[in-house]
Amino acid sequence: MGLPQPEELRRYKEGEPALPGPLVVGGSGRLVEPIRDLLSDYDFGDDDTEKFGGLVFDATGITTIEELKQLYIFFQPLMRKLLPCARVVVVGTTPELVKKADERIAQRALEGFTRSVAKEVRRGATANLVYVSPKAKTDFSGLAAPLRFFLSAKSTYVDAQVVRVNEKSTEAPANWDKPLDGKVALVTGAARGIGATIAEVMARDGAKVIVADMPQAGDALSEVANKIGGVALALDVTAANAPEKIAEAAERFGGLDIVVHNAGITRDKLLANMDAGRWDSVIAVNLIAPKNITEGLVANGGLKEGGRVVDVSSIAGIAGNRGQTNYGASKAGVIGMVDAEAAELGKKEITINAVAPGFIETQMTAAIPLATREVGRRLNSLLQGGQTVDVAETIAFFASPASSAVTGNTVRVCGQSLLGA
Ligand code: NAD
């Protein structure tokens with residue numbers, strides 16, 4: 001079509017360095033030394049470094065509006081020194097938990113700064129923001145997993161996002177390449193598309209995976225299970241006894257550590273033409289089923305203490321979409337579910353988070369007519385669609401035992417899509 005070719009994005013490969021070049025850590029807040037410690041195995045640049053693969057700025061020391069100038073002083077000279085697919089991470093203090101007005105304003109300002117940097121960096125580079133609770137005073141172990149995720153090729157299609165980290169302490173996995181070692185995970189809607197890739201990534205990361213899908217998906221589901229040494233479970237997620245069936249399937253592995261609610265459907269029609277069946281089925285599969293299954297598994301003990309729940313929302317739940325009132329409502333409801341359930345589940349050390357994918361290359365998006373597809377693909381800062389693996393890596397990050405300080409977040413996997421920005 002004569003359009004410029006977008007950058008080929010770096011994606012995770014075992015044994016390859018996390019970043020395309022050296023890292024620099026700047027800032028003068030309370031976290032700058034802990035950050036250096038948490039990343040001690042990274043390659044740090046020095047005064048002679050010409051090009052950087054990653055920049056981290058600890059902005060927690062910024063407590064007044066005037067001090068925002070520190071961002072300018074640190075980043076301005078470095079903006080031309082970024083390698084393709086470099087990673088920028090700004091670390092701040094969660095604004096809602098800050099008492100002093102000036103500091104709260106300054107910390108909130110980091111969002112606009114980071115999102116603008118994300119739009120300025122080029123060639124596959126990204127910028128993201130991590131807010132750390134002010135209650136985290138001496139133990140910053142919870143910061144390691146989000147930092148490492150953002151400073152890696154696993155977050156390649158996650159751009160201009162904000163993750164909040166609480167004060168919980170965590171243990172680093174014995175091996176960051178096998179963070180799910182010994183864990184048992186269930187992935188719904190895993191016979192194809194994004195769900196099949198989530199199952200593959202979790203198995204790669206060391207988990208035993210139970211893959212669930214509709215009974216009619218039988219052969220495709222068995223294929224996925226065989227490929228990853230997992231177990232297939234024929235399951236309609238809307239069935240009243242779904243929590244019991246899942247708990248039963250997980251029993252022989254000692255129960256579940258991770259539940260990924262990926263099964264989802266669309267039944268698009270303009271609202272004026274939509275029959276009640278389309279409305280009901282989308283709400284039932286995308287919203288009621290994940291809620292019932294999570295609640296059922298917590299009640300029947302199928303999901304262990306310290307477990308992980310990951311939901312799949314969509315940018316349609318943030319921006320809205322013509323012809324998708326039912327889908328948009330269900331996917332926004334998923335974000336509400338994460339907000340509503342984080343505190344209660346936290347009492348059992350269970351975390352709940354969601355991903356909101358943007359344009360992901362799947363059978364579904366391949367069926368969109370060429371011109372519309374090309375527009376959908378390119379309307380983001382990375383100028384391309386994402387891969388199913390990009391969604392799966394983000395889910396695996398939330399599912400990691402090292403992510404116990406990360407709950408109540410919805411992260412878009414959309415390359416900083418212009419929709420709903
Ligand atoms: P897909 O249609 O390829 O796969 C969905 C799977 O869910 C299918 O295998 C289907 O059989 C299964 N499923 C549907 N209803 C079920 C039920 N009642 N019980 C059990 N399984 C059921 O879809 P996908 O593109 O891989 O999407 C996966 C998830 O990501 C969905 O929640 C979707 O809404 C979301 N999402 C996708 C995109 C994208 O660009 N593809 C973007 C945003 C969000």
Side-chain angles (χ1 to χ4, degrees), residues 157-158 186-201 210-225 232-243 245-246 249 259-268 278 280-293 310-321 324 326-335 337-338 354-368 372-373 376-377 379-380 384-392 394-395 410-415 417 419-420:
Y157 204 58
V158 182
L186 171 95
V187 182
T188 67
R192 65 177 202 193
I194 295 173
T197 311
I198 298 168
E200 281 169 30
V201 166
I210 303 172
V211 289
D213 210 301
M214 295 292 278
Q216 51 272 38
D219 287 349
L221 188 66
S222 310
E223 240 172 75
V224 175
L233 174 67
L235 175 84
D236 179 345
V237 292
T238 62
N241 66 348
K245 282 188 75 174
I246 294 168
V259 179
V260 182
H261 297 293
N262 164 78
I265 57 168
T266 51
R267 295 287 182 271
D268 299 358
R278 281 175 197 265
D280 292 342
S281 56
V282 168
I283 300 289
V285 176
N286 296 1
L287 188 53
I288 298 175
K291 181 169 182 291
N292 283 348
I293 291 175
V310 190
D311 289 294
V312 179
S313 177
S314 164
I315 56 167
I318 296 168
N321 212 7
Q324 290 198 318
N326 50 357
Y327 185 76
S330 73
K331 293 297 186 179
V334 165
I335 298 172
M337 192 160 68
V338 167
V355 295
F359 187 101
I360 303 299
E361 304 284 357
T362 59
Q363 281 170 359
M364 186 178 90
T365 48
I368 301 172
T372 321
R373 185 168 74 228
R377 246 183 209 149
L379 273 187
N380 58 70
Q384 58 194 292
Q387 304 287 338
T388 56
V389 70
D390 303 333
V391 181
T394 309
I395 290 175
T410 297
V411 162
R412 294 164 52 146
V413 185
C414 67
S417 166
L419 300 177

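Each residue takes its place number in the sequence, starting with 1. Counting starts at 1 for both ligands and their atoms, in listed order.
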Do F359 and I315 come within less than 4.5 Å of each other through their side chains, counting heavy atoms only?
no
Qualifying salt bridge (charged side-chain N to carboxylate O under 4.0 Å, His left out) pairs, either residue in residues 354-366, two or more places apart:
E361-R377
Which part of P357 is near ligand 1, with near meaning a heavy atom under 4.0 Å away: side chain, backbone, both or neither?
both
Contact (N/O only, under 3.5 Å) between V237 and ligand 1:
yes
Strictly distance-based, threshold 3.5 Å: is any side-chain N or O of S314 a donor or acceptor partner for the main-chain N or O of A316?
yes
Say whether G358 and ligand 1 are in contact under the criterion: heavy-atom distance to a ligand atom below 4.0 Å.
yes
The answer for which part of I265 has a heavy atom under 4.0 Å from ligand 1 is side chain
Which residue supplies the protein heavy atom nearest to atom 5 (C) of ligand 1, what is that atom called, and how far is it?
G264 O, 3.9 Å
Does only the side chain of A212 get under 4.0 Å from ligand 1, or the backbone, or both, or neither? Count heavy atoms.
neither
State the atoms of ligand 1, each with its element, that fall below the 4.0 Å cut-off from a heavy-atom position in I360.
39 (C), 40 (O)
Is T188 reaching over with its side chain to a backbone N or O of A263, donor-acceptor style, under 3.5 angstrom?
yes
Output yes when a side-chain donor or acceptor of Y327 lies under 3.5 Å from a complementary backbone atom of N321, and no otherwise.
no
Does ligand 1 have any atom that is closer than 4.0 Å to a heavy atom of S313?
yes
Short list, please: which atoms of ligand 1 are under 4.0 Å from a heavy atom of L235?
19 (N), 20 (C)
Between D311 and H261 (side chain of the first, backbone of the second, donor and acceptor by atom type, cut-off under 3.5 Å), is there such a pair?
no
Atom indices of ligand 1 within 4.0 angstrom of D236 heavy atoms, with elements:
17 (C), 18 (N), 19 (N)
Under 3.5 Å, side chain of N326 to main-chain N/O of I283, donor-acceptor pair present?
no
Any donor and acceptor pair, going by atom type alone, linking the side chain of K331 with main-chain N or O of V312 inside 3.5 Å?
yes
Which residue and atom name correspond to the protein heavy atom nearest atom 39 (C) of ligand 1, and how close is it?
M364 CE, 3.6 Å
Can an N or O of Y327 be found at a distance shorter than 3.5 Å from an N or O of ligand 1?
yes
Strictly distance-based, threshold 3.5 Å: is any side-chain N or O of D219 a donor or acceptor partner for the main-chain N or O of E223?
no
What residues form a side chain to side chain donor-acceptor pair (under 3.5 Å) with T197, not counting sequence neighbours?
T388
Side chain, backbone, both or neither: which part of T362 has a heavy atom under 4.0 Å from ligand 1?
side chain
Is it the side chain (CB and beyond), the backbone, both or neither of K331 that lies under 4.0 Å from ligand 1, heavy atoms counted?
side chain
Decide side chain to side chain contact (heavy atoms under 4.5 Å, CB included) for I360 and T365; before the verdict, give the C-alpha distance in whole Å, the side-chain angles of both, and the deciding distance to 0.1 Å.
CA-CA 7 Å; I360 303 299; T365 48; 5.7 Å; no
Taking the side chain from S417 and the backbone from C414, do they hold a donor-acceptor pair closer than 3.5 Å?
no
Check if N262 has a non-hydrogen atom at a distance under 4.0 Å from any atom of ligand 1.
yes
Determine whether any protein heavy atom is located less than 4.0 Å from atom 11 (O) of ligand 1.
yes
Ligand 1 to D213 polar contact by distance, N or O atoms, under 3.5 Å
yes
Geometry only, no angles: is I194 polar-contacting ligand 1 at N/O separations under 3.5 Å?
yes
Counting only N and O atoms by type, is there a donor-acceptor contact under 3.5 Å from the side chain of D390 to the main-chain atoms of Q387?
yes
Under 4.0 Å, counting heavy atoms only: does R192 come that close to any atom of ligand 1?
yes
Quick test: of every protein heavy atom, which one is nearest to atom 7 (O) of ligand 1, and how far off is it to 0.1 Å?
G189 CA, 3.3 Å
Numbering as shown, the atoms of ligand 1 that approach G193 to under 4.0 Å (heavy-atom distance):
26 (O)
Look at atom 30 (O) of ligand 1 and say which protein heavy atom is nearest, naming residue and atom and giving the distance to 0.1 Å.
V312 CG1, 3.4 Å
Considering only non-hydrogen protein atoms, determine which one is nearest to atom 17 (C) of ligand 1 and report residue, atom name and distance to 0.1 Å.
M214 SD, 3.2 Å
Please check: side-chain N/O of R373 versus main-chain N/O of A366, any donor-acceptor pairing under 3.5 Å?
yes
